[in-house]
**Q** 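First the structure, then my questions, so here it is.
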Amino acid sequence: MFKRVVRQSKFRHVFGQAVKNDQCYDDIRVSRVTWDSAFCAVNSKFVAVIVEASGGGAFMVLPLHKTGRIDKAYPTVCGHTGPVLDIDWCPHNDQVIASGSEDCTVMVWQIPENGLVTSMPEPVVVLEGHSKRVGIITWHPTARNILLSAGCDNVIIIWNVGTGEAIITLEDMHPDIIFSVCWNRNGSLICTACKDKKVRVIDPRKEEIVAEKDKAHEGARPIRAIFLSDGKVFTTGFSRMSERQLALWDPENMEEPVSVHEMDTSNGVLLPFYDPDTNVVYLCGKGDSSIRYFEITDEAPFVHYLSTFTTKEPQRGMGYMPKRGLDVNKCEIARFYKLHERKCEPIIMTVPRKSDLFQDDLYPDTAGPEAPLEAEEWFEGKNGDPILISLKHGYIPGKNRDLKVVKKNILDNKLSKNTENTTPAIKTATSTPSIKSEAKLDEVLKEMKSLRELVSSQEKRIAKLEQQLSKMDI
């Protein structure tokens, strides 16, 4: 009997291809901040890139189709007073993005349907609660308007963006800088990697550590940890000999890893991107010029190396497109947005297939944009799995609803304290528009007026030219 040397896998021949130059986003001054985040966030409508900004922090939001050279005067999202460190698109609304910055704040922005026309200095809501810079931002996968932020004050805060309040604060769990935070598939747990070399699995609502592993990777360089769809934890880090490692852990028993692999001796931090539908993990090292990909299965050795996509240029950061933004007709199973010093270059991962028909095995139903839970339900203890959608006829984006922030009335809190012994106070939401929103409204009305005047003058000019033309015909 011949021993089968090569493992059968439909992803064995996945190949990566960089797009042509005219489909790249050129002349973007990518941020030079020394921070190990991806610097890029992508969804099915927009690509957002953290850029260099004088006197504050900014990021650029480009519609996907706006390729080619980007004008130096192109508008940015520029409300932070310190460099932006991390950005993340809301999974339930393609026009809402959150950003964390060195100015210790988290800001949430609503991008107009067709992208920015003028620079955006005013966020929908500012979330203040961290005492040091905020380096990690991540939205809840299944509950609407819940955002997690982690700062260099070693604190994790979970916000209700709809009310602008910090609901859960995890303070004494991490003695040192938090390197990464990731929600599990239904958002009931988070896993964190910390500078103390521990990987922790935390139940945020009970505010308790469910499982932890000391010295998950023994090297001193940053560790990354992500949840897989079956509940296992995948980590990347460094060995004592400074070799890059990846490991798979079972939170039920964190004593020994399920699998460990040594890779190479480069010193770039490996950013893991995971596709829960195909169980493929892509590793992009900061400063590397390659993307390695692995398939995770239930059979030993559990983590199977598939292939490596290599280019000449090193990557400054990387954006990862959600499944619903891919082209299913071309068997595209992943798309990355690689940041160079001055441009953003899409890289397409494809499974070669001869048939033009929809490939069910490559595209099982994937998480859609609809949120199964509201924020309040999750805080009350409910969990919900992602609502799945089929990609058979491609993804058609629906209408996104606007993000509304309802601030609680501060007076109600005082009132409830006074009437504690009598009747419970009913909290009301103030709907008084702020001075800022009134100013914004005036600005929009002025712009509309000037545009109307412009259209009217152009119509008159067209009529005049048509008149001249008719005289020439005579």
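As a basis for the values below, the full set of heavy atoms in this structure was taken, side chains included, without hydrogen atoms, waters or symmetry mates.
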**Q** Taking the side chain as C-beta and beyond, is there a heavy-atom pair between Trp109 and Phe59 under 4.5 Å?
**A** yes

**Q** Test your reading of the model: is there a side-chain donor-acceptor pair from Thr142 to the backbone of Gly384, 3.5 Å cut-off?
**A** yes

**Q** Run the numbers on Phe379 and Ile168 for side-chain contact (heavy atoms from CB on, under 4.5 Å), then give the verdict.
**A** CA-CA 9 Å; Phe379 288 121; Ile168 296 168; 3.9 Å; yes

**Q** Do the non-hydrogen side-chain atoms of Ile87 and Val77 ever get within less than 4.5 Å of each other?
**A** no

**Q** Would you say Ile97 and Phe46 make side-chain contact, with heavy atoms under 4.5 Å?
**A** no

**Q** Any side-chain donor paired with an acceptor under 3.5 Å for His174 and Thr192?
**A** yes

**Q** Could Asp230 and Lys232 be called an ion pair, given the rule that one side-chain N must be under 4.0 Å from one carboxylate O?
**A** yes

**Q** Could you tell me whether the side chain of Lys45 and the main chain of Gly115 form a donor-acceptor pair under 3.5 Å?
**A** no

**Q** Would you find a donor on one side and an acceptor on the other, under 3.5 Å apart, between the side chain of Lys338 and the backbone of Ala18?
**A** no

**Q** Would you compute the distance between atom CD1 of Ile348 and atom CD of Gln23 and round it to the nearest 0.5 angstrom?
**A** 7.0 Å

**Q** Work out which heavy atom in Ile158 is nearest to a heavy atom in Pro204; give both atom names and the distance.
**A** CD1-CB, 3.5 Å

**Q** Test side-chain contact (heavy atoms from CB on, under 4.5 Å) on Ser99 and Ile137 and set out the steps.
**A** CA-CA 7 Å; Ser99 57; Ile137 295 287; 5.9 Å; no

**Q** Within the side chain of Glu332, is there an N or O that forms a donor-acceptor pair under 3.5 Å with the backbone of Asp327?
**A** yes

**Q** Would you call Lys72-Asp27 a salt bridge at under 4.0 Å N-O?
**A** yes

**Q** Does a sphere of radius 6.0 Å around CG in Asp361 hold more than 12 heavy atoms from other residues, nucleotides or ligands, not counting ones at 6.0 Å or beyond?
**A** yes

**Q** Backbone N or O of His130 within a donor-acceptor pair of the Asp153 side chain at under 3.5 Å?
**A** no

**Q** Which heavy atom of Ala166 sits nearest to which heavy atom of Ile157, and what is that distance?
**A** CB-CG2, 3.5 Å

**Q** With a 3.5 Å distance limit and no angle check, can you tell me whether Thr81 reaches the backbone of Gly56 through a side-chain donor-acceptor pair?
**A** no

**Q** What's the verdict on side-chain contact (heavy atoms from CB on, under 4.5 Å) for Arg335 and Val42, showing C-alpha distance, side-chain angles and the deciding distance?
**A** CA-CA 10 Å; Arg335 192 188 309 156; Val42 196; over 6 Å; no

**Q** Would you confirm whether Ser37, through its side chain, and Leu85, through its main-chain N or O, come within 3.5 Å as a donor-acceptor pair?
**A** yes

**Q** Judged by atom type as modelled, is there a donor-acceptor pair below 3.5 Å linking the side chain of Gln95 to the main-chain atoms of Gln110?
**A** no

**Q** Do Arg324 and Leu391 have side-chain heavy atoms sitting under 4.5 Å apart?
**A** yes

**Q** Determine whether more than 12 heavy atoms belonging to other residues, nucleotides or ligands lie under 6.0 Å from atom CD of Glu447.
**A** no

**Q** In the structure I gave you, are the side-chain heavy atoms of Thr278 and Lys323 within less than 4.5 Å of one another anywhere?
**A** yes

**Q** Just how far is it from atom CG of Leu147 to atom CG of Asn145, taken to the nearest 0.5 Å?
**A** 9.5 Å

**Q** Work out which heavy atom in Leu64 is nearest to a heavy atom in Val47; give both atom names and the distance.
**A** CD2-N, 4.0 Å

**Q** Starting at OG1 of Thr105, measure out to CG of Leu127 and round the result to the nearest 0.5 Å.
**A** 8.5 Å

**Q** Do His304 and Ser9 pass the side chain to side chain donor-acceptor pair (under 3.5 Å) test, and can you show the C-alpha distance, the side-chain angles, and the key distance before you say yes or no?
**A** CA-CA 10 Å; His304 306 272; Ser9 167; over 6 Å; no

**Q** Can you tell me how far the OG atom of Ser229 sits from the CZ atom of Arg185, to the nearest 0.5 Å?
**A** 6.0 Å

**Q** If you look at every heavy atom in Gln315 and Ser290, which pair is closest and at what distance?
**A** NE2-O, 3.1 Å

**Q** Does Arg200 come within less than 4.0 Å of Glu208, counting only side-chain N to carboxylate O?
**A** no

**Q** Is any side-chain heavy atom of Tyr337 closer than 4.5 Å to one of Val49?
**A** no

**Q** Testing Tyr293, Phe273, Tyr274, Phe11 for ring pair (Phe, Tyr, Trp, His ring centres under 6.0 Å) with Tyr282, which one passes?
**A** Tyr293

**Q** Are Ser450 and Leu454 close enough that some pair of their side-chain heavy atoms sits under 4.5 Å apart?
**A** no

**Q** For a quick test of reading the model, state the closest non-hydrogen atom pair linking Thr236 to Leu270 and the distance between them.
**A** OG1-O, 3.2 Å

**Q** Identify the two heavy atoms, one from Trp378 and one from Arg205, that lie closest to each other, and give their separation to 0.1 Å.
**A** O-NH1, 2.9 Å

**Q** Any donor-acceptor pair under 3.5 Å linking the side chain of Ser101 with the backbone of Gly82?
**A** yes

**Q** More than 12 non-hydrogen atoms from neighbouring residues, nucleotides or ligands closer than 6.0 Å to CG on Asp22, yes or no?
**A** yes

**Q** How far apart are the C-alpha atoms of Arg12 and Glu295, what are their side-chain angles, what is the distance that settles it, and do they pass the salt bridge (Lys or Arg N to Asp or Glu O under 4.0 Å) test?
**A** CA-CA 9 Å; Arg12 224 179 74 216; Glu295 189 177 0; over 6 Å; no

**Q** What do the steps show when you test Arg144 against Glu370 for salt bridge (Lys or Arg N to Asp or Glu O under 4.0 Å), and what is the final call?
**A** CA-CA 9 Å; Arg144 197 187 311 280; Glu370 198 50 52; 3.4 Å; yes

**Q** Output yes when Arg29 and Glu52 qualify as a salt bridge under the 4.0 Å nitrogen-oxygen rule, no when they do not.
**A** no

**Q** Not counting sequence neighbours, which residues clear side-chain hydrogen bond (donor to acceptor under 3.5 Å, both in side chains) with Trp139? List them please.
**A** none

**Q** Let me confirm one number: the NE2-CG distance from His140 to Asn160, rounded to the nearest 0.5 Å.
**A** 11.5 Å

**Q** Measure the spacing between OG1 of Thr310 and CG of Asp288 and express it to the nearest 0.5 Å.
**A** 9.5 Å

**Q** Side-chain contact, heavy-atom cut-off 4.5 Å: Met349 with Asp275?
**A** no

**Q** Start with the C-alpha distance between Thr366 and Ile389, add both sets of side-chain angles, then the distance that settles side-chain contact (heavy atoms from CB on, under 4.5 Å), and finish with yes or no.
**A** CA-CA 5 Å; Thr366 190; Ile389 57 169; 4.2 Å; yes

**Q** Can you tell me if Thr76 uses its side chain to pair, donor with acceptor, with the backbone of Ser119 under 3.5 Å?
**A** no

